[in-house]
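Note that these values count all heavy atoms, side chains included, but never hydrogens, waters or copies made by symmetry. The residues of the chain are indexed from 1 along the displayed sequence.
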Amino acid sequence: MLEDRLTEHLNAVDDEAQERMGILVRQMMEKQGVTEELKARDQMEWVRAVNSIRNAAEEIVLKELVYI
C-alpha cells in the first residue's frame with residue numbers, strides 16, 4: 001500500500017517538474033532572444049544558450065519542487 005502511494009506521488013512530482021521545466025525554458029528563451037534565427041545564424045551560440053537556459057531552469061525546478 002505504501003509503495004503504491006509513493007509511486008503515485010513520485011509520478012505526480014515528475015509530471016509537474018517536466019511541465020514547469022518546459023514553461024521556464026520557453027520563457028527564458030524568449031526573454032534572452034534565443035530564436036530559430038539565431039540557430040540558423042550561429043548554431044554553436046544557440047546550443048550554448050539553450051544548454052545554459054536548461055541548466056538554470058533545472059536548478060529552479062529542483063529548488064521549487066524537489067528540495068522543499
Side-chain angles (χ1 to χ4, degrees):
M1 188 165 133
L2 178 61
E3 288 181 22
D4 289 340
R5 290 180 24 205
L6 179 59
T7 300
E8 183 179 317
H9 173 71
L10 292 175
N11 286 335
V13 170
D14 184 54
D15 290 344
E16 187 176 350
Q18 293 298 326
E19 182 179 335
R20 183 74 172 123
M21 202 46 196
I23 291 168
L24 283 172
V25 168
R26 280 192 303 276
Q27 288 176 343
M28 293 169 86
M29 285 178 71
E30 184 178 310
K31 186 172 184 174
Q32 294 181 25
V34 179
T35 63
E36 290 297 317
E37 180 184 319
L38 174 61
K39 185 178 180 181
R41 186 171 17 103
D42 189 349
Q43 288 182 350
M44 291 303 291
E45 177 61 24
W46 182 86
V47 169
R48 184 204 60 76
V50 170
N51 284 340
S52 177
I53 288 169
R54 285 189 179 144
N55 289 335
E58 185 176 332
E59 285 296 319
I60 292 168
V61 169
L62 287 172
K63 287 179 183 175
E64 287 180 353
L65 300 176
V66 179
Y67 300 144
I68 54 173

request  = Check whether any side-chain N or O of Asp42 sits under 3.5 Å from a backbone N or O of Leu38 as a donor-acceptor pair, and report yes or no.
outcome  =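 Side chain of Asp42 to backbone of Leu38, a donor-acceptor pair under 3.5 Å: no, none is there.
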ask   = With no hydrogens and no angle check, is any side-chain donor or acceptor of Asn11 less than 3.5 Å from a backbone partner on Thr7?
value =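 A pair under 3.5 Å: yes.
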query = For atom CD of Glu19, is the number of surrounding heavy atoms from other residues, nucleotides or ligands below 6.0 Å larger than 12?
reply =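 Open: at most 12 neighbouring heavy atoms sit under 6.0 Å from CD of Glu19.
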How far does [atom1] of [X] sit from [atom2] of [Y], to the nearest 0.5 angstrom?
{"X": "His9", "Y": "Asp14", "atom1": "NE2", "atom2": "CG", "value": "11.0 Å"}
{"X": "Trp46", "Y": "Glu36", "atom1": "CH2", "atom2": "CD", "value": "6.5 Å"}
{"X": "Leu65", "Y": "Gln18", "atom1": "CG", "atom2": "CD", "value": "10.5 Å"}
{"X": "Glu58", "Y": "Arg54", "atom1": "CD", "atom2": "CZ", "value": "10.5 Å"}
{"X": "Asp15", "Y": "Leu10", "atom1": "CG", "atom2": "CG", "value": "11.0 Å"}

query = Going hydrophobic residue to hydrophobic residue with side-chain gaps under 4.5 angstrom, can you get from Val61 over to Ile23?
reply =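 No, separate clusters.
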inquiry  = Using the rule that Ile, Leu, Val, Met, Phe, Trp and Tyr join whenever any side-chain heavy atoms are under 4.5 Å apart, tell me whether Val47 and Ile53 fall into a single cluster.
reply    =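 The answer is yes; both residues are in one hydrophobic cluster.
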Indicate every side-chain donor-acceptor pair of residues 24-34 with a distance under 3.5 Å to a residue at least two apart or in another chain.
| from | atom 1 | to | atom 2 | distance (Å) |
| --- | --- | --- | --- | --- |
| Arg26 | NH1 | Gly22 | O | 3.4 |

ask   = Can Glu8 and Arg5 be counted as an ion pair, charged N to O under 4.0 angstrom?
value =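 No, this pair does not count.
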ask   = Can you name the salt bridge (Lys or Arg N to Asp or Glu O under 4.0 Å) partners of Arg20, sequence neighbours left out?
value =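 Scan of Arg20 (salt bridge (Lys or Arg N to Asp or Glu O under 4.0 Å), adjacent residues dropped) gives Glu64.
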